[in-house]
Structure formats: C-alpha cells, structure tokens
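Data first, discussion second: the structure below is written as structure tokens.
Values in this document were obtained by computation on a predicted structure and should not be read as measured data.
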Amino acid sequence: QVQFVESGGGLVQPGGSLTLSCTTSGILFKYYTMGWYRQGPGNQREWVASILPSGNSGITKYADFVKGRFTISRDNAKNTLTLQMNSLEPEDTAVYYCNGAGQSGTFSVWGQGTQVTVSS
C-alpha cells in the first residue's frame, strides 16, 4: 500500500521556476522525515533535500548544489511533500522522486518520478 506519486515536472528555461508535488499513501506521513531525490541522465539517484516531521515550518536540509535555490515543504494534513525550484539550471535536468529520508532510510517502493527538463 506504500505509494508515492510525483507531479509538477515539465520543461522550463534556465533561470525559471517549477514546483513539484508528491502525494503519499500507505504511510504515517507526519511521523517521517521526507525527502526529494533525483536521477539525471547517466547518473545515479542522489539526495536533494529533506524535511523533518515537525511540519512545514520544521527543520530542512539541502544538498550543496541546490542550496539557496530549492525549498522543501510538507503539508501533514494532506500527506503531501513539495519542492519549490527556482533559478533552475540545465544541470538540474533529471527525474525527481520523493521518499523517506530519515535515519531509517527510504521505503523500498519508489514512485514513477516526475521529469524536469531545463533547456539550454
């Protein structure tokens, strides 16, 4: 029953913005540290950002390559995770996924991801 459904991806010009959403089911969402991951062409999946289960105003952490540009947030009432992406660069082109990101790691089930393409 664990399920993640990512959406909001698309094609955007360098310097543009995009907002990704992740709807979850089958987990006690509000109790988990959640995160965003991405996998670009020819690369392995990498961690992008995470947010503690304290809510939308909780503690967040970012990979250096997105710090200052991306913002992760959550809505525990809706069991959703959001990634606001600004100042996008061609290097941000990847399939973006959401999953657990705490000390317990990720769930074994991954969603289909959502494609983000930043044109050059």
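Under the rule for a ring-ring contact (aromatic ring centres under 6.0 Å, His included), F65 has no partner lying at least two apart in sequence or in another chain. Take S7 and apply the side-chain contact (heavy atoms from CB on, under 4.5 Å) test, not counting sequence neighbours, and it matches S21. Evaluation of the side-chain hydrogen bond (donor to acceptor under 3.5 Å, both in side chains) rule for E89 yields no partner, not counting sequence neighbours. For S17, the side-chain hydrogen bond (donor to acceptor under 3.5 Å, both in side chains) criterion is met by N86, not counting sequence neighbours. The side-chain contact (heavy atoms from CB on, under 4.5 Å) search around T114 returns E6, L20, Y96, not counting sequence neighbours. Residues passing the side-chain hydrogen bond (donor to acceptor under 3.5 Å, both in side chains) test with T117 are Q115, sequence neighbours excluded. A search for ring-ring contact (aromatic ring centres under 6.0 Å, His included) contacts involving Y62 returns nothing, not counting sequence neighbours. Contacts of T19 classified as side-chain hydrogen bond (donor to acceptor under 3.5 Å, both in side chains), with partners at least two apart in sequence or in another chain: Q84.
The minimum heavy-atom distance linking S119 with P14 is given by the pair O-CG, 2.5 Å. Across every non-hydrogen atom of Q39 and Q44, the tightest pair is CG-C, 4.0 Å.
A donor-acceptor contact shorter than 3.5 Å is absent between the side chain of T33 and the backbone of A101.
For the atom pair CH2 (W36) and CZ (F70), the distance works out to 11.0 Å, reported to the nearest 0.5 Å. One distance of note links CG of N79 with CE of M34; it measures 9.5 Å at 0.5 Å rounding. A distance of 9.0 Å separates OG1 of T82 from CD1 of I72, quoted to the nearest 0.5 Å. Once rounded to the nearest 0.5 Å, the distance linking OG of S73 with CG of L81 reads 7.0 Å. Here L28 contributes atom CG and N76 contributes atom CG; the two are 11.0 Å apart, rounded to the nearest 0.5 Å. For the atom pair D75 CG and F29 CZ, the distance stands at 8.0 Å (nearest 0.5 Å).
Y37 belongs to a hydrophobic cluster whose remaining members, ordered by chain and number, are W47, V95, Y97, W110; membership requires side-chain heavy atoms of ILVMFWY residues under 4.5 Å apart, directly or through intermediates.
Among pairs with a residue in residues 8-36, none fulfils salt bridge (Lys or Arg N to Asp or Glu O under 4.0 Å), at least two apart in sequence or across chains. Residue pairs meeting the salt bridge (Lys or Arg N to Asp or Glu O under 4.0 Å) criterion with at least one member in residues 100-120: none, sequence neighbours excluded. Within the structure, salt bridge (Lys or Arg N to Asp or Glu O under 4.0 Å) pairs that include any residue of residues 90-113 comprise R38-D92, R69-D92 (at least two apart or interchain).
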Run the numbers on T23 and S25 for side-chain contact (heavy atoms from CB on, under 4.5 Å), then give the verdict.
-> CA-CA 7 Å; T23 60; S25 62; over 6 Å; no
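Under the 4.5 Å side-chain heavy-atom criterion for grouping Ile, Leu, Val, Met, Phe, Trp and Tyr, Y32 is connected to V2 within one hydrophobic cluster.
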